[in-house]
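Order of appearance sets the numbers: ligands from 1, and atoms from 1 within every ligand. The first residue in the sequence is number 1, and the count goes up from there.
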Amino acid sequence: MLIKSAVDIPPSEITDPDLFARRRHFIQGAAASALASGFGLPALAAAAPQRGEKFPDIRKSQWTVDEKLTPYESVTTYNNFYEFGPDKDDPAKHAHRLKSRPWTITVEGEVKRPQTFAIEDVLKWAPLEERIYRFRCVEGWSMVVPWIGFSFSEIARRVEITGNAKYVEFVSLADAEQMPYVRVPLLDWPYVEGLRIDEAMHPLTLLAAGLYGEVMPKQNGAPLRLIVPWKYGFKSAKSIVKIRFVRDMPRSSWMKSAPQEYGFYSNVNPEVPHPRWSQAQERRLGEFLKRKTLPFNGYAEQVAALYAGMDLRRNY
Ligand code: MTE
């Protein structure tokens with residue numbers, strides 16, 4: 001995400017993939033090493049994460065695309081997780097401070113059985129599946145990741161949502177002791193995102209506990225995060241501590257920070273430019289040439305019906 005004036009970050013700190021690549025190039029100096037590491041491909045040795053624990057018994061899923069995977073190293077070193085800093089390599093450098101155990105998730109609001117669950121129990125709700133999804137950031141980069149998780153809809157069965165539940169709000173941890181940038185007003189903390197209830201209940205909407213067969217790296221949102229593959233990446237809240245079923249449309253942190261730029265829906269749409277840049281193309285992490293962005297990030301067949309009759313230019 002490119003943060004605007006409300007935020008105390010100079011333009012030099014804005015980190016789109018090209019700028020990141022140029023900065024990396026400058027740091028690395030020699031053209032040879034720039035070539036070796038690939039244009040825009042993140043590979044800071046200092047930020048290299050430890051490989052995590054493996055999940056046993058992961059099922060394959062029908063909700064999967066047959067596309068070349070983005071390398072683990074790129075997925076885990078080129079991140080947005082502003083609680084750990086605004087630069088792409090900040091999360092991999094600082095997220096080791098996150099304590100992902102013990103961890104609880106509170107589910108409340110328009111439900112008959114509000115509850116606080118231990119993460120260990122949440123992970124037993126449904127068989128864990130591997131789902132290879134396209135993921136498109138609003139900044140113009142994208143990736144293909146084998147996430148591990150289960151459909152968010154499993155949650156509704158546990159807490160019995162009422163007929164008043166029209167939206168779902170996802171709240172991330174905001175603990176300045178673990179997350180140094182929570183002391184800085186980059187965003188309105190805690191990080192909050194929202195979905196309409198039918199979007200949340202769509203089987204593609206994933207609660208992800210891992211990637212590449214392993215527990216979620218902290219910089220990617222351990223221990224549990226959302227993945228909504230037909231929406232821009234910022235909808236996919238990380239390190240979730242609260243899930244609230246609500247009557248009214250939630251105001252996400254990004255809507256509060258720049259309402260003209262980040263709407264509630266944020267469906268990937270090549271025809272609706274961001275006010276400051278086009279959304280027609282994207283660059284896969286690690287690739288040189290850009291590719292065309294697809295409506296709903298290529299998931300139109302599965303999700304377009306959710307928006308039948310809506311003007312998606314107005315509802316951006
Ligand atoms: N969740 C929290 N709590 N904080 C964040 O800063 N960034 C969002 C989203 N979820 C963010 C977050 C944005 S802008 C993107 S593009 C994705 O996480 C990035 O996910 P990734 O780092 O796993 O690629």
Side-chain angles (χ1 to χ4, degrees), residues 1-4 7 9 14-17 20 42 47 49 69-95 98 100 105 133-149 169-175 178-182 184-195 206-212 214-229 231-243 252-258 261-262 266 268 274 279 282-286 297:
M1 303 287 282
L2 307 191
I3 304 178
K4 253 183 72 175
V7 173
I9 299 177
I14 291 173
T15 49
D16 67 70
F20 183 85
L69 300 182
T70 302
Y72 178 93
E73 282 66 26
S74 304
V75 176
T76 56
T77 58
Y78 189 88
N79 298 105
N80 280 332
F81 201 167
Y82 285 92
E83 291 87 332
F84 293 103
D87 274 0
K88 293 288 180 279
D89 52 355
D90 282 335
K93 281 195 278 193
H94 304 303
L98 180 72
S100 54
I105 299 177
Y133 278 176
R134 296 180 208 98
F135 188 90
R136 166 69 155 81
C137 178
V138 73
E139 294 163 343
W141 51 270
S142 65
M143 54 189 186
V144 176
V145 181
W147 302 105
I148 309 288
E169 195 172 82
F170 299 88
V171 183
S172 297
L173 180 73
D175 178 0
Q178 303 175 53
M179 303 167 133
Y181 279 78
V182 166
V184 183
L186 293 177
L187 281 173
D188 188 44
W189 309 115
Y191 193 97
V192 170
E193 260 306 338
L195 294 175
L206 185 73
L207 279 177
L211 52 81
Y212 268 101
E214 302 176 352
V215 294
M216 191 67 78
K218 292 180 176 178
Q219 60 271 38
N220 292 91
L224 199 70
R225 69 172 296 180
L226 193 68
I227 299 291
V228 195
K231 293 182 178 274
Y232 291 119
F234 61 90
K235 299 300 283 182
S236 297
K238 295 179 167 182
S239 303
I240 295 169
V241 288
K242 197 171 283 186
I243 295 170
S252 69
S253 296
W254 287 109
M255 286 163 79
K256 286 184 198 162
S257 130
E261 304 200 351
Y262 305 114
S266 301
V268 174
H274 180 281
Q279 293 290 18
E282 68 198 62
R283 189 187 338 260
R284 287 270 155 93
L285 294 183
N297 203 22

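In this structure, ligand 1 sits under 4.0 Å from heavy atoms belonging to Met1, Asn79, Asn80, Phe81, Tyr82, Glu83, Phe135, Cys137, Trp141, Met143, Ser172, Tyr191, Asn220, Arg225, Gly233, Phe234, Ser236, Ala237, Lys238.
Ring-plane geometry between Phe81 and Phe84 is classed as perpendicular, the angle between the planes exceeding 60 degrees on a 0 to 90 degree scale with a lower cut at 30. Taking the six-membered ring for Trp and thresholds of 30 and 60 degrees, Tyr191 and Trp254 have ring planes more than 60 degrees apart, a perpendicular arrangement.
Residues Ser172 and Glu83 have side chains in contact (heavy-atom distance under 4.5 Å, counting atoms from C-beta outward). Side-chain contact between Ser236 and Arg225: present, with at least one pair of heavy atoms (C-beta onward) separated by less than 4.5 Å. Side-chain contact between Ser100 and Lys218 is present, with at least one heavy-atom pair separated by less than 4.5 Å. Residues Trp141 and Asn80 have side chains in contact (heavy-atom distance under 4.5 Å, counting atoms from C-beta outward).
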